[in-house]
Amino acid sequence: MKEYPKNFARFYDLIYHRIRDEADLEFFQNEAIRIKGKVLEIGVGTGRLFMNSLNHGVDIYGIDISDPMLNVLYDKLDRNEHYRVSLQDMTDFRFDFKFDLIVAPFRVIMHIPDKSDQLKAINNVYKHLNKNGKFIFDTFIPDLKSLINGLKDITDFQGEYEPGKMVRRIVSTTPDLLNQIIDVRFIMEWEENGKLEREDWSTPMRYFFRFELEHLVERSKFGKCKILGDYKGNELNKDSKEFIVVCQR
Ligand SMILES: C[S@@+](CC[C@H](N)C(=O)[O-])C[C@H]1O[C@@H](n2cnc3c(N)ncnc32)[C@H](O)[C@@H]1O
């Protein structure tokens, strides 16, 4: 996985508060606020969801492998709250206390291509949960047609990041069917100091099918899971766009 770069992190909140909050923020907020103990967000990023839980009084911690993403989050936090956030990898993170809820929201596990690393990550989560603690992660359900056709230079976001200053994001995808990977290329373009700046970044995303996810969890210490089909808590059905995997220790 290539680390989320500086300008992707810089514009992340502008883009995803607009195009993602409506889908998942309330779900993760409700899961977090009912917890009396500690909560961990893996792949916390810029704190899009984390800050909301923290502001609701949740005793939440966050880890991520991207410095640029975490720097955006540190800027939002009071200094005395910085201890909550650390640069750590899902596969080998460590805390000397345990959590009652661990979440890895918005496709974090899709950044781990290798199945032995995925298993290691899930078992590491298990180790850090209290008895009856819950682990929730999500992946998108592969849409076979768009997966195979790929996307070609689609502008999925355009807006102003400051009055009169435009930013736009252009996405392309290439499938690698053998390795179950979609290579996603993002081009970020923005106006700054009278020039059009540009950052070009590609990242592989490992997609999952339903029974692979079930097998993966069954091979882990959790042994079983429940897969929901949306953030309203509905069962999987033919219109589902998400796998929301819920595991209990
Ligand atoms: C799509 S972002 C989601 C950020 C945040 N959870 C949200 O919902 O806005 C995925 C995040 O996972 C992080 N990530 C990827 N692989 C990771 C790993 N192995 N361990 C921890 N974080 C990881 C990335 O750096 C990125 O910040």
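Every number for a ligand or one of its atoms is a count from 1 in the order of the listing. What you see is a predicted model, and the numbers here were worked out from it, not measured in a lab.
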Tell me, do [X] and [Y] make a side-chain contact under 4.5 Å, heavy atoms counted?
{"X": "His17", "Y": "Tyr12", "answer": "no"}
{"X": "Leu101", "Y": "Glu31", "answer": "yes"}
{"X": "Phe208", "Y": "Phe140", "answer": "no"}
{"X": "Phe28", "Y": "Phe50", "answer": "no"}
{"X": "Tyr231", "Y": "Glu22", "answer": "no"}

Polar-atom distance check: [X] versus ligand 1, any N or O pair below 3.5 Å?
{"X": "Thr91", "answer": "no"}
{"X": "Gly43", "answer": "yes"}
{"X": "His111", "answer": "no"}
{"X": "Pro105", "answer": "yes"}

Exercise for the section: Just do the side chain to side chain donor-acceptor pair (under 3.5 Å) check on Asp143 and Ser146 with the steps written out, would you? Expected result: CA-CA 6 Å; Asp143 172 49; Ser146 41; 2.4 Å; yes

Problem - Shortest reach to atom 9 (O) of ligand 1 by a heavy atom, considering only Tyr12, Phe106, Tyr16 - result: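 Minimum heavy-atom distance to atom 9 (O) of ligand 1 goes to Tyr12.
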
Practice task
Would you indicate which of Ile65, Asp138, Ile63, Asp92 comes nearest to atom 16 (N) of ligand 1 when only heavy atoms are counted?
Solution key: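 Closest candidate by heavy-atom distance is Ile65.
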
Practice task
Sequence neighbours left out, what passes side-chain contact (heavy atoms from CB on, under 4.5 Å) with Arg18? Give chain and number order.
Solution key: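 Residues passing side-chain contact (heavy atoms from CB on, under 4.5 Å) with Arg18: Phe157.
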
Practice task
Please name all residues satisfying salt bridge (charged side-chain N to carboxylate O under 4.0 Å, His left out) with Lys221, sequence neighbours left out, ordered by chain then number.
Solution key: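 Here no residue qualifies.
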
Have a look at ligand 1 and work out which part of [X], if any, has a heavy atom under 4.0 Å from it: side chain, backbone, both or neither.
{"X": "Val44", "answer": "backbone"}
{"X": "Met90", "answer": "both"}
{"X": "Asp89", "answer": "both"}

Could you tell me whether ligand 1 has any atom less than 4.0 Å away from a heavy atom of [X]?
{"X": "Phe50", "answer": "no"}
{"X": "Met69", "answer": "yes"}
{"X": "Tyr4", "answer": "yes"}
{"X": "Asp64", "answer": "yes"}
{"X": "Glu3", "answer": "no"}
{"X": "Glu41", "answer": "yes"}

Mark up the atoms of ligand 1 that fall under 4.0 Å of a heavy atom belonging to [X], in ascending order.
{"X": "Gln88", "answer": "21 (C)"}
{"X": "Arg48", "answer": "7 (C), 8 (O), 9 (O)"}
{"X": "Gly45", "answer": "27 (O)"}

Exercise for the section: Would you confirm whether the ring centroid of Phe243 sits within less than 6.0 angstrom of the ring centroid of Phe209? Expected result: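 Judged by ring-centre distance (under 6.0 Å), Phe209 and Phe243 do not meet the cut-off.
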
Problem - Six-ring centre of Phe97, Lys38 cation under 6.0 angstrom, axis tolerance 45° - result: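 Yes, Lys38 and Phe97 form such a contact.
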
Practice task
Would you sort out whether Thr46 and Asp13 count as a side chain to side chain donor-acceptor pair (under 3.5 Å), showing the intermediate values?
Solution key: CA-CA 7 Å; Thr46 60; Asp13 283 340; 2.7 Å; yes

